[in-house]
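A short write-up of the structure that comes next.
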Amino acid sequence: MSETSSKAEAAKLLPFLMLGERADLQAAAAQHVLALTGSGPGRTLLAGQAALLRSLVELAVAPPPAPARDAARALVNLAADPGVHKPLLEAEPGLPVRLLGCVLDPQWPWAEEAAAVLANLSREPVPCAALIEALAAAEPGESGLERLVRALCTPGYNARAPLHYLGPVLSNLSQCPATRAFLLDRNRCVVQRLLPLTQYPDSSVRRGGVVGTLRNCCFEHRHHEWLLGPEVDILPFLLLPLAGPEDFSEEEMERLPVDLQYLPPDKQREPDADIRKMLIETIMLLTATAPGRKQVRDQGAYLILRELHSWEPEPDVQVTCEKLIQVLIGDEPERGLENLLEVQVPEEVERQLQQQDHQEREQQELELDPGPQAEEAAPT
C-alpha cells in the first residue's frame, strides 16, 4: 500500500473516533488505531494526522461508553516513540494537563495507562517541562507534585489502577532541579515516604522509578549529610535490596545497620539488573564527599558489596560494583579534590576514560557472545 493510500485509510478512521459516534464503531476504530501504533511505520503515519491525534486524546479522557482504554493504550505506544512527541503535543498542547487530571483522579479506571503515557512523554526535555508546568498550575492549595507523590505512596489510592508508572514519571521529573528541590525539602518528608518503595514487591516499574528518583536526588551533594544521617537514613534502604542471605561473622555483623543484620536464609536480592545498577550508582553518588565516604564505610557497605560482587551475574553491574568498592577501600583523594562531583577532569583524560569504558563494554560483549537476537515487538 502506498503512503498516499495509507494516509487516506487513516483519514477514514477519523469520523468514527469522534465523540458522539456509535460506541461499537468507536471501539472498532480505536482498536484499529491501537494496532497501527504497534509498528514504527504505523506511528509515523498517525503522527501526520493531527485531527486524528486530537480525537484520540478526547477518547482517552472520555467517560464510558467511549473506548478510553484502547485510546489511552494507543497514546502509550505513540508516546514511546520520541519522534511522535512533537506532532502529538502540537495536535493537543494540553495533553499533559489532561492526562495528569486522569492520573490523580482516584476514580479514573484507566489512570495506569494515563500514567504510562506521561512516563513515556516525560523522558524527553520538552514534554517533561510541559508536565512540570502542568503540575505547577494544579489546583490551589496542595501542590501538583505533592499530589503525585501522595498517589504514588498511598496503597489503594485508586482501587482500579495500581499507578506503578508514577514511579518512572517522578524519576523523569527529578531530572529537573526544581523537582529535586521539592523532593529534598526537609520539611516535606518526601524522600522518607519514597524509601520503603525500593523494596516494593509487586512492580519492578515502581521500584525502578523510585530508585531512579533517589539517584537523581543524590546528585545534590549538599544534602548528602542529611540523607545519610538519622533523619532520613537512606543507606540501609539502598543496601537491603543488594543483600543476600550471607552469614557474616559476629564482628562483621556488628558493623552493619540493624536492618541488614541476621537476614533470613531465603533473602533474595533485587532481581532486576538495571535496578541493582542504579542502587549501586546511588551509593556511589553518596560517596562523592569525604564525610559521605566515611558514613558509607562506617555502615558496613563494603561487606554487602563484596558479597554482591561475588554473586552478580551481569558483567556491567559487576563493573559498577567494582568501581564503588575501589572508592570505599582506596586512598582518599588529595586535598582540594575531596568532592568527586566537583572535580574538573581534563578533556584529554575524559576522552581516555570514555575510550577505556567503551573498550570494557566491547570486551564484555565479546565474552558474552549472545548470538542473534529476536527483534523486540512494539508494545500494544
Side-chain angles (χ1 to χ4, degrees), residues 119 122-123 164-165 167-175 180 183 191 194-221 224 227-228 234-246 260 267-288 292-293 296-297 299-330 340-341 353-354 356-368 370 373 376:
S122 58
R123 288 157 57 185
H164 297 318
Y165 279 91
V169 169
L170 190 60
S171 178
N172 295 338
L173 293 175
S174 67
Q175 296 177 73
R180 294 197 296 274
L183 297 171
V191 172
L194 293 175
L195 288 177
L197 297 179
T198 60
Q199 298 169 80
Y200 186 81
D202 297 333
S203 171
S204 61
V205 171
R206 186 181 294 235
R207 288 198 311 276
V210 168
V211 172
T213 300
L214 296 173
R215 181 183 61 177
N216 289 342
C217 287
C218 287
F219 278 98
E220 303 288 345
H221 63 82
H224 284 183
L227 289 169
L228 288 164
I234 190 174
L235 191 59
F237 290 93
L238 301 176
L239 287 173
L240 189 55
L242 300 174
E246 291 78 24
L260 290 161
K267 169 67 172 69
Q268 300 292 314
R269 290 184 172 87
E270 164 60 53
D272 188 296
D274 291 333
I275 298 178
R276 292 199 302 275
K277 186 175 181 182
M278 284 195 292
L279 287 162
I280 298 168
E281 289 168 345
T282 306
I283 300 170
M284 176 74 87
L285 287 168
L286 290 168
T287 65
R293 288 189 290 277
V296 173
R297 289 188 187 110
Q299 294 193 59
Y302 167 73
L303 299 173
I304 302 296
L305 295 167
R306 180 189 68 193
E307 301 303 319
L308 171 67
H309 183 267
S310 299
W311 169 90
E312 180 57 59
E314 296 295 331
D316 62 330
V317 182
Q318 194 173 53
V319 168
T320 305
C321 187
E322 286 173 7
K323 291 176 180 177
L324 176 53
I325 289 173
Q326 286 300 321
V327 170
L328 294 178
I329 67 175
L340 303 181
L341 288 176
L353 291 172
Q354 289 174 347
Q356 182 179 345
D357 186 57
H358 180 68
Q359 289 172 345
E360 286 179 0
R361 291 179 183 275
E362 283 186 339
Q363 184 61 35
Q364 290 167 14
E365 290 171 2
L366 288 172
E367 290 171 354
L368 288 172
Q373 295 182 356
E376 186 179 42

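What you see is a predicted model, and the numbers here were worked out from it, not measured in a lab.
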How about Leu214 and Leu195: do any of their side-chain heavy atoms sit closer than 4.5 Å? yes

From Leu303 CG over to Leu308 CG, what is the distance, rounded to the nearest 0.5 angstrom? 12.5 Å

Salt-bridge contact Arg269-Glu307 (side-chain N to carboxylate O under 4.0 Å): no

Rounded to the nearest 0.5 Å, what separation is found between the CD1 atom of Ile280 and the CG atom of Leu238? 11.0 Å

Can you name the closest pair of heavy atoms from Ala301 and Leu328 and give their distance? CB-CD1, 4.3 Å

Answer whether the closest heavy-atom distance between the side chains of Lys267 and Leu240 falls below 4.5 Å. yes

Applying side-chain contact (heavy atoms from CB on, under 4.5 Å), run through Ile283 and Leu242 and close with a yes or a no. CA-CA 11 Å; Ile283 300 170; Leu242 300 174; 4.1 Å; yes

Would the distance check show the side chain of Gln326 and the main-chain N or O of Leu324 forming a donor-acceptor pair, the cut-off being under 3.5 Å? no

Check: Ser171 side chain, Gly167 main-chain N or O, donor-acceptor pair, under 3.5 Å: no

Gln175: what forms a side chain to side chain donor-acceptor pair (under 3.5 Å) with it, not counting sequence neighbours? none

Which pairs with one or both residues in residues 202-214 pass salt bridge (charged side-chain N to carboxylate O under 4.0 Å, His left out), sequence neighbours excluded? Arg207-Glu270

Trace of the side-chain contact (heavy atoms from CB on, under 4.5 Å) decision for Tyr200 with Val210: CA-CA 10 Å; Tyr200 186 81; Val210 168; over 6 Å; no

Which heavy atom in His309 sits nearest to a heavy atom in Ile325, and how many Å separate them? CB-CD1, 4.2 Å

Calculate, to the nearest 0.5 Å, the distance between atoms CZ and CG belonging to Phe237 and Leu260 respectively. 10.0 Å

Quick one: pull up SG in Cys217 and CG in Leu286 and give me the separation to the nearest 0.5 Å. 10.5 Å

If the test is side chain to side chain donor-acceptor pair (under 3.5 Å), which one of Arg276, Gln318, Lys277 qualifies with Glu312? Arg276

So, do Leu183 and Leu170 sit near enough that their side-chain heavy atoms are less than 4.5 Å apart? yes

dist Cys321:SG -> Glu314:CD (nearest 0.5 Å) comes out at 13.5 Å

Mind listing the closest non-hydrogen atom pair of Asn216 and Ser174 along with its distance? ND2-OG, 2.8 Å

Would you call Met284 and Thr287 a side-chain contact if the rule is heavy atoms closer than 4.5 Å? yes

Report yes if the side chains of Pro241 and Ile275 come closer than 4.5 Å at any heavy-atom pair, otherwise no. no

Nearest non-hydrogen partners of His224 and Ala288, listed with the distance: CE1-CB, 4.3 Å

Using modelled atom types only, decide if a donor and an acceptor are shared between the side chain of Asn172 and the backbone of Ala119 within a distance under 3.5 Å. yes

So how far is it from Gln299 CD to Ile234 CD1, rounded to the nearest 0.5 Å? 11.0 Å

Just jot down the side chain to side chain donor-acceptor pair (under 3.5 Å) partners of Thr320, sequence neighbours excluded, or say none. none

